[in-house]
Protein chains: 2
Amino acid sequence: MTPPRKMVSEERGKSRPGLTREAIIAAALEIVDEEGLEALSMRHLGSVLKVDPMAIYYHIPNKSALLDGLIEAVMGEIDLSLDDPSLPASERIVLAAHIYRDVMMAHPQAVQVIAINNLNTRESFRPVEYLMDIFLGAGFSPHRALAAVNIFGRFVRGFVLFEVHQIFAEEAAACHGCAPTESLQQLLPVEEFPRMNEVMASVGALGTVDEFDLGIRALVDGMFATFYEDEDQMSVNEDQT
Amino acid sequence: MTPPRKMVSEERGKSRPGLTREAIIAAALEIVDEEGLEALSMRHLGSVLKVDPMAIYYHIPNKSALLDGLIEAVMGEIDLSLDDPSLPASERIVLAAHIYRDVMMAHPQAVQVIAINNLNTRESFRPVEYLMDIFLGAGFSPHRALAAVNIFGRFVRGFVLFEVHQIFAEEAAACHGCAPTESLQQLLPVEEFPRMNEVMASVGALGTVDEFDLGIRALVDGMFATFYEDEDQMSVNEDQT
DNA sequence: ACCTGAACACCGTTCAAGT
DNA sequence: ACCTGAACACCGTTCAAGT
């Protein structure tokens with residue numbers, strides 16, 4: 001029925017290289033990076049690994065666990081040593097945001113997996129712990145520090161998710177020979193959307209890195225300006241499910 | 001006379017009610033709300049509509065267009081008349097964020113479609129135009145106003161996306177009989193994650209509405225505090241792809 | 001212990017054909 | 001104009017069987 005499904009025996013007596021979880025995940029990430037997320041099927045993955053597709057199920061329970069592996073792999077690329085503890089706390093957080101964004105932007109095709117799913121491995125929580133330390137060190141209450149890391153994480157992941165989504169959309173539109181602003185302008189008539197047209201006329205394309213920096217700085221500034229306030233009124237709703 | 005593609009004949013003659021784009025999208029939204037996004041297949045949709053699944057393709061080109069229809073439908077629920085123009089601009093933006101969040105939270109199962117895809121219908125852009133007007137009216141430069149609406153939109157959609165994701169994850173965990181905090185605590189040993197444990201011990205569960213409010217207020221405060229600054233250094237990178 | 005291959009129950013989409 | 005039904009080329013996953 002439910003026998004001890006332990007994976008023991010990691011001794012390397014067997015010269016058999018065989019299939020490993022790591023090799024599978026690495027191959028999966030390569031497929032996603034090079035051919036896109038929709039190209040990642042168990043069958044295709046099996047053919048890349050030169051193995052019967054079903055062999056994968058011996059090492060990984062299902063596709064969702066495979067995607068978790070992708071998240072783990074990319075989160076593992078975050079290099080916390082890039083932090084500079086001599087900087088003011090708010091600057092360290094802005095820096096952390098850029099580091100986080102950079103590793104995600106290095107795998108644009110994987111972003112919709114990385115950004116959407118919740119973290120659920122120990123490895124993925126190391127950066128969270130690190131960030132929590134900065135917030136607490138800056139004098140945030142535990143309650144506010146927790147809120148801050150949640151808000152931070154949602155901001156960064158959300159921003160990057162939509163950033164790559166927009167990039168892909170623009171590429172697709174470019175393939176069809178129409179500039180993105182053009183297609184927007186023909187969708188939005190001036191009479192009904194005066195403000196949008198006003199802005200589109202005077203601005204042109206935007207640098208998304210700058211926009212990200214602008215946004216994260218506004219958020220961090222705002223959090224440091226408002227999170228030290230009295231939080232009594234919040235503890236009322238604190239115990240909801 | 002004219003051959004407009006709009007077949008209005010909804011009256012007598014053909015007592016046949018027939019299939020309409022609207023009815024299809026309404027049924028699709030109902031499926032998603034009640035059975036979840038993964039239950040939305042063309043075949044299932046056809047069976048709900050008591051029609052051959054392939055009949056749908058006569059009215060809607062493909063599934064992706066069907067999902068666009070869902071977005072349009074939900075965005076159409078946004079009620080701009082809830083705004084109060086007598087409030088200060090920053091408060092109106094916070095209010096707008098809550099309105100936006102509320103319509104998305106009314107369709108939690110559809111959020112991963114609504115929040116992830118870019119807007120691409122005229123109807124969906126009406127709230128954007130409205131918001132742009134508020135930012136411009138508050139004295140933001142066109143450049144900064146555009147950045148502000150982008151950042152605003154990404155914040156709200158990202159936040160709600162992860163909020164519902166977390167809710168679903170907690171429900172799933174609850175079904176397995178383990179409290180969410182418990183499972184986190186056993187994943188994160190105290191020695192390696194002292195800060196996380198410190199916070200989890202003293203905080204407990206969080207009210208997500210409060211967290212959202214805290215976050216959007218921090219962001220808006222920050223934007224109003226920093227977006228009036230000189231923006232010369234930004235125009236340098238303005239013309240990237 | 002590790003891998004195979006057939007099979008099951010699904011998908012989205014195309015297309016010739018019906019009314 | 002609107003709908004049908006068979007068919008195509010895929011999925012993820014299970015399971016008995018091979019080595």
Side-chain angles (χ1 to χ4, degrees), chain A residues 1-25 27-28 31-32 35-70 109 112-113 117 172, chain B residues 1-25 27-28 31-32 35-70 109 112-113 117 172:
Chain A
M1 313 314 244
T2 40
R5 38 178 287 95
K6 293 297 180 195
M7 41 186 64
V8 261
S9 80
E10 194 50 35
E11 8 272 306
R12 49 215 55 199
K14 305 303 182 81
S15 59
R16 196 76 149 86
L19 221 45
T20 63
R21 200 188 105 97
E22 279 195 349
I24 292 171
I25 289 169
I31 290 177
V32 171
E35 306 177 57
L37 183 62
E38 74 288 347
L40 181 64
S41 74
M42 301 306 256
R43 285 166 164 88
H44 186 187
L45 181 54
S47 88
V48 163
L49 290 165
K50 292 174 193 313
V51 115
D52 186 290
M54 300 309 118
I56 297 161
Y57 282 93
Y58 186 82
H59 302 270
I60 286 173
N62 50 43
K63 189 171 184 181
S64 146
L66 179 65
L67 297 181
D68 286 346
L70 290 187
Q109 300 277 174
Q112 53 186 301
V113 181
N117 291 273
Chain B
M1 293 222 166
T2 53
R5 44 180 302 285
K6 204 83 164 169
M7 239 31 252
V8 217
S9 63
E10 195 149 319
E11 43 266 84
R12 72 318 58 173
K14 312 298 184 69
S15 58
R16 199 80 155 86
L19 222 44
T20 63
R21 199 188 106 97
E22 278 197 348
I24 293 171
I25 288 169
I31 290 176
V32 171
E35 305 176 59
L37 183 62
E38 73 290 345
L40 180 64
S41 73
M42 301 306 256
R43 285 166 163 88
H44 186 186
L45 182 53
S47 88
V48 163
L49 289 165
K50 293 174 192 319
V51 114
D52 186 290
M54 300 308 117
I56 297 161
Y57 283 93
Y58 187 82
H59 302 270
I60 285 174
N62 50 44
K63 189 171 184 181
S64 145
L66 179 66
L67 297 180
D68 286 346
L70 290 187
Q109 300 277 174
Q112 52 186 302
V113 180
N117 291 273

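What you see is a predicted model; the values in this text were computed from it and never measured. Below, read A as the first sequence line, B as the second, and so on, with proteins coming before strands; counting in each chain starts at 1.
The distance from atom OH of Y57(A) to atom C1' of dA6(C) is 15 Å, rounded to the nearest whole Å. The nearest whole Å value for the distance from the CD1 atom in I60(A) to the P atom in dC3(C) is 12 Å. Between the CD1 atom of I31(B) and the C1' atom of dC11(C) there is a distance of 15 Å, given to the nearest Å. Put simply, CG on L66(B) is 12 Å from C1' on dG12(C), counting in whole angstrom units.
Each of dG5(C), dG12(C), dC3(D) was ranked by its minimum atom distance to the side chain of M54(A); first place goes to dG5(C).
Pairing of dA1(C), defined by two Watson-Crick or G-U wobble distances under 3.5 Å, is identified with dT19(D).
Of the residues in residues 37-51 of chain A, those placing a heavy atom less than 4.0 Å from an atom of DNA chain C are R43(A), V51(A), in numerical order.
Distance check: L19(A) CG to I24(A) CD1 gives 4.0 Å after rounding to the nearest 0.5 Å. I25(A) CD1 to L45(A) CG: the interatomic distance, rounded to the nearest 0.5 Å, is 10.0 Å.
The separation of dA9(D) from dA9(C), taken at their P atoms, amounts to 22 Å, rounded to a whole angstrom.
Contact record, Q109(B) with V32(B): CB-O, 3.1 Å, taken as the closest heavy-atom pair. Counting all heavy atoms, side chain and backbone alike, A27(A) lies closest to V48(A) at CB-CG1, 4.4 Å.
Of the two residues near DNA chain C, P53(A) and N62(B), the one whose nearest nucleotide lies more 5' is P53(A).
Considering only side-chain N and O atoms, Y58(A) lies nowhere under 4.0 angstrom from the phosphate OP1 or OP2 of dC3(C). Taking side-chain N and O atoms only, H59(A) has a distance below 4.0 Å to OP1 or OP2 of dC3(C).
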